[in-house]
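Computed from a predicted model, the values in this text were never measured in an experiment. Within every chain, numbering begins at 1; the chains are lettered A, B, ... in the order of the sequence lines, protein sequences first and strands thereafter. The figures that follow rest on heavy atoms only: side chains count, while hydrogens, waters and symmetry mates do not.
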Number of protein chains: 2
Amino acid sequence: MTDHHDDPVRSITDLAKIAGVSVSTVSRALTSKGALNKDTRRRIQELAARHGFRINVAAQNLRLGRTGAVAVLLPLGHERGQHLSDPFFMAMLGFLADELAERGYDLLLSRVLPDGEDWLDSFIRAGRTDGVIIIGQSNQSAVLDRTASHYQPLVIWGAYGARNQYLTVGTDNMAGGALAATHLLARGRRSLAFFGNVSVPEFAARYQGFLSALPADARDRVELVHAHVTPEASYRAATDYFAAGHRPDGIFAASDVTAMGVIAAAAEQDMRVPEQLSVIGFDDVPLAQMSNPPLTTVRQDIRRGAALLVELLCRRLAGETAQSVQFAPELVIRESS
Amino acid sequence: MTDHHDDPVRSITDLAKIAGVSVSTVSRALTSKGALNKDTRRRIQELAARHGFRINVAAQNLRLGRTGAVAVLLPLGHERGQHLSDPFFMAMLGFLADELAERGYDLLLSRVLPDGEDWLDSFIRAGRTDGVIIIGQSNQSAVLDRTASHYQPLVIWGAYGARNQYLTVGTDNMAGGALAATHLLARGRRSLAFFGNVSVPEFAARYQGFLSALPADARDRVELVHAHVTPEASYRAATDYFAAGHRPDGIFAASDVTAMGVIAAAAEQDMRVPEQLSVIGFDDVPLAQMSNPPLTTVRQDIRRGAALLVELLCRRLAGETAQSVQFAPELVIRESS
DNA sequence: CTGTTAGCGCCTTCAA
DNA sequence: TTGAAGGCGCTAACAG
């Protein structure tokens with residue numbers, strides 16, 4: 001418990017006066033840096049505690065030429081509205097918060113609406129953060145490439161592209177798509193559809209991987225259904241699709257949320273999952289196993305992804321080199337297929 | 001497109017040299033404050049744009065005695081791990097990000113592990129943010145009360161308590177619980193259970209409201225089942241509960257996520273929802289209508305909540321008065337009941 | 001071991 | 001309309 005005295009202590013100058021020492025002594029005592037008499041240090045630390053004083057981080061950072069914060073940006077290039085509510089992004093955000101906190105960084109959250117080609121450089125030049133993590137490259141890979149060429153501490157969660165100059169961490173989406181295809185084939189499904197927005201590079205890769213693992217006859221008949229990642233939009237897309245008379249026996253959804261929307265729509269049409277229709281999702285969000293039926297899905301290791309994003313970023317911040325990482329997805333078979 | 005010249009422009013001092021004016025002139029030009037010749041202003045603004053220069057926000061804020069950021073804290077007093085992945089909190093976070101951005105504030109996200117009684121004051125004294133929004137009072141109402149007594153820009157999302165000194169925005173949880181009870185009664189349910197962690201004040205209020213709207217005979221038989229807010233924990237709690245032989249005909253879950261866990265567990269026991277068992281949740285997260293069967297739930301208006309939190313905070317920041325707000329929940333009847 | 005001094009990049013009075 | 005100077009709160013040489 002801190003008992004607050006009459007005289008407000010707002011700066012190390014105030015504290016120095018009370019302690020009868022110079023500001024630099026107070027600074028040294030409170031930062032535990034630099035040589036200082038042990039007793040002096042403890043005396044000042046106790047005084048600070050008694051007065052409830054803490055060093056002003058903003059000023060400290062200005063002096064040190066850093067901000068102590070890392071930005072996490074969610075570009076909404078193609079999806080408006082509830083993008084941020086996607087459970088996958090949310091879980092990612094939670095883990096990022098943990099990882100960054102562990103390394104002493106604040107997490108500055110920002111939803112950006114990419115306009116023109118200067119939004120990222122402009123954000124960076126404002127000097128609010130020491131580094132930037134972008135969740136999902138959206139349709140902004142040109143912007144990312146340009147910025148990455150002159151700004152090191154930048155890491156992107158998303159699909160790896162050999163042509164991209166920027167640093168990415170992500171799942172091997174092609175492999176994930178192939179996993180889904182192989183599984184549906186093993187279930188005897190041949191009349192297939194893919195639900196997702198393929199203008200998002202990650203989803204496009206899932207789709208390509210899906211196609212690539214299919215025999216020619218099945219591949220040629222795959223139907224591509226455009227669906228945004230919100231539950232509502234996915235549900236609507238599936239409802240329209242079924243209403244138009246389509247009756248596939250296997251659906252690969254670009255995300256778990258989309259898969260749940262598809263299943264909800266199928267239930268309304270009395271299509272039984274998995275008897276008549278196998279559905280497989282992507283992500284393995286926590287709710288996937290609670291869905292009814294529990295969702296078969298391609299799992300991404302979010303926690304590991306977050307840890308890697310932060311690690312690579314810190315390497316770059318320390319001036320070290322870092323390379324893109326892509327890890328293997330894993331098929332989780334439950335009851336929707 | 002900005003073409004970057006040879007000489008790096010890192011501060012208004014650099015720009016002032018290039019422009020052949022003083023730093024104060026550059027400052028005035030770039031902040032659009034203070035009197036300045038129109039042409040001079042435009043000339044300097046163009047020069048800045050050409051060199052890709054933006055004012056350093058950190059330094060600007062230090063000088064102005066503010067930080068330009070608002071902290072959103074998620075105290076994890078009782079729930080570890082995946083708390084942050086609760087879709088309700090996530091949606092709230094998204095809306096808060098929007099609202100704050102609109103008013104020119106950055107959003108500093110922080111998960112805190114409340115230890116002792118000084119965590120909040122200590123955070124505030126670090127001076128990283130201009131104000132604090134806390135999502136969920138957890139079990140920290142004593143700490144909040146103490147801090148609120150001397151720190152104005154503090155708003156909490158959560159249950160309103162007449163005894164609490166701090167500013168809250170939240171749903172009338174008692175009323176929500178009553179809504180759930182009345183609905184289950186109308187469905188002819190009499191053998192009832194509540195799933196949730198009643199050491200969380202919000203959930204306790206939902207439980208109290210639930211009980212209060214029940215006739216004595218039904219109320220006395222209500223079973224209270226402890227369940228954390230993660231899908232997995234809720235599922236496990238329900239599985240154990242059913243395995244112990246309990247067969248209620250109506251369950252009120254403290255959150256939608258918990259309700260989904262309950263439904264998943266019930267499905268495994270071949271208990272049919274809603275034929276044999278009515279389940280009702282709380283929140284109305286986007287996925288609630290995609291659940292199978294679509295979830296009956298007590299809706300909270302998250303967007304409005306976020307808008308109010310930010311509005312009240314800004315009032316306090318401006319030195320104006322602000323009072324706690326509690327709004328009415330709404331019953332959304334779908335097919336799980 | 002401790003104090004003095006000079007800024008980090010910016011804004012704002014006060015003068016001119 | 002513009003410039004000079006002081007300082008926001010802090011750290012890090014450089015002295016002593």
Just the rounded figure in Å: distance from [atom2] of [N] to [atom1] of [X].
{"X": "B:Arg66", "N": "C:dC10", "atom1": "CZ", "atom2": "C1'", "value": "11 Å"}
{"X": "B:Leu15", "N": "C:dC11", "atom1": "CG", "atom2": "P", "value": "12 Å"}
{"X": "A:Ile44", "N": "C:dC1", "atom1": "CD1", "atom2": "P", "value": "14 Å"}
{"X": "B:Arg42", "N": "D:dT1", "atom1": "CZ", "atom2": "P", "value": "15 Å"}
{"X": "B:Asp14", "N": "C:dG7", "atom1": "CG", "atom2": "C1'", "value": "15 Å"}
{"X": "A:Leu30", "N": "D:dT11", "atom1": "CG", "atom2": "C1'", "value": "13 Å"}
{"X": "B:Lys33", "N": "C:dC10", "atom1": "NZ", "atom2": "P", "value": "14 Å"}
{"X": "A:Arg125", "N": "C:dG9", "atom1": "CZ", "atom2": "C1'", "value": "17 Å"}

I'd like a table of atom pairs between the protein and nucleotides 5-9 of chain D - only N or O on both sides, under 3.5 Å - with the distance next to each one.
| residue | atom | partner | partner atom | Å |
| --- | --- | --- | --- | --- |
| D:dG6 | N2 | B:Arg63 | NH1 | 2.6 |
| D:dG7 | N2 | B:Arg63 | NH1 | 3.1 |

Please determine whether a side-chain nitrogen or oxygen atom of B:Ser27 lies at a distance below 4.0 Å from atom OP1 or OP2 of C:dC11. yes
Got a sec: does the CD of A:Glu320 have more than 12 other heavy atoms crowding it under 6.0 Å?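 For A:Glu320, atom CD is crowded (more than 12 foreign heavy atoms under 6.0 Å).
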Take a 6.0 Å sphere around CZ of B:Arg103 and say whether it holds more than 12 heavy atoms from other residues, nucleotides or ligands. yes
Strictly by modelled atom types, are [X] and [Y] linked by a side-chain donor-acceptor pair under 3.5 Å?
{"X": "B:Gln137", "Y": "B:Trp157", "answer": "no"}
{"X": "B:Ser22", "Y": "B:Thr25", "answer": "yes"}
{"X": "B:Arg54", "Y": "A:Ser122", "answer": "yes"}

Taking for each residue the nucleotide of DNA chain D bearing the nearest heavy atom, is the 5' side occupied by B:Lys38 or by A:Val26?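 Nearest nucleotide further toward 5': that of B:Lys38.
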With a distance cut-off below 6.0 Å to the six-membered ring centre and an angular limit of 45° from the axis, does A:Arg10 pair with A:Phe53 as a cation-pi contact?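 The answer is no; the distance or angle limit is not met.
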Out of D:dT1, D:dG3, D:dT11, whichever nucleotide has its closest atom nearest the side chain of B:Ala35: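 Of the options given, the side chain of B:Ala35 lies nearest D:dT1.
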Compare the minimum distances between each of C:dG3, D:dT11, C:dT2 and the side chain of A:Asn37, then state the nucleotide with the smallest one. C:dT2
Stepwise salt bridge (charged side-chain N to carboxylate O under 4.0 Å, His left out) test for B:Arg146 and B:Asp121: CA-CA 9 Å; B:Arg146 203 161 57 78; B:Asp121 279 335; 3.5 Å; yes
